[in-house]
Amino acid sequence: MAVCAIKSGYTAYFLSAHELISMIQENIVSGRIHRKLKTLNKPNILIIDEVGYAVFFASTFCRKLQVKNTECCIMENP
């Protein structure tokens, strides 16, 4: 799905849930969280991999990030 979106001209940022959690924690400690959230909100699509163990975190994050479209899609592998 992401490859099709990118081929259609959309921008995307890909990272694992663990990377995202670590990045957010580091930026909260350093006081740069607002800057990091702006950076994460720039691409059209934010892909968070390995969310299965942290679905609650992902849904909370999507609400707090105030995604441009106000839509957040959480896909789980069957």
Side-chain angles (χ1 to χ4, degrees):
M1 191 163 49
V3 172
C4 288
I6 292 167
K7 286 181 179 180
S8 297
Y10 292 94
T11 58
Y13 189 72
F14 178 90
L15 69 168
S16 71
H18 176 73
E19 290 170 325
L20 179 62
I21 292 167
S22 297
M23 180 188 308
I24 289 174
Q25 288 173 336
E26 290 170 16
N27 282 276
I28 287 172
V29 170
S30 67
R32 298 183 307 230
I33 189 63
H34 294 294
R35 185 184 315 172
K36 182 51 72 176
L37 290 177
K38 282 184 183 180
T39 301
L40 291 172
N41 201 24
K42 283 184 182 180
N44 300 111
I45 302 166
L46 179 61
I47 303 165
I48 306 169
D49 194 19
E50 301 171 359
V51 176
Y53 74 91
V55 172
F56 174 76
F57 169 79
S59 61
T60 301
F61 173 76
C62 288
R63 284 194 301 273
K64 289 186 178 183
L65 183 58
Q66 297 175 344
V67 178
K68 289 178 205 172
N69 308 8
T70 66
E71 292 180 26
C72 185
C73 178
I74 298 175
M75 296 177 58
E76 295 184 42
N77 292 336

Point-to-point distance, once rounded to the nearest 0.5 Å, from [atom1] of [X] to [atom2] of [Y]:
| X | Y | atom1 | atom2 | value |
| --- | --- | --- | --- | --- |
| Arg32 | Ile24 | CZ | CD1 | 13.5 Å |
| Asn44 | Ile6 | CG | CD1 | 10.0 Å |
| Leu20 | Phe14 | CG | CZ | 12.0 Å |
| Lys42 | Leu40 | NZ | CG | 10.5 Å |
| Gln25 | Ile33 | CD | CD1 | 10.0 Å |

Shortest non-hydrogen contact from [X] toward [Y]:
| X | Y | answer |
| --- | --- | --- |
| Tyr10 | Ile45 | CB-CD1, 4.2 Å |
| Thr11 | Pro43 | OG1-CA, 3.1 Å |
| Asn27 | Met23 | ND2-O, 2.7 Å |

Quiz item: Have Asp49 and Ser16 got a donor and an acceptor in their side chains that come within less than 3.5 Å?
Solution: no

Quiz item: With a 4.5 Å heavy-atom cut-off, do Asn41 and Leu46 have their side chains touching?
Solution: no

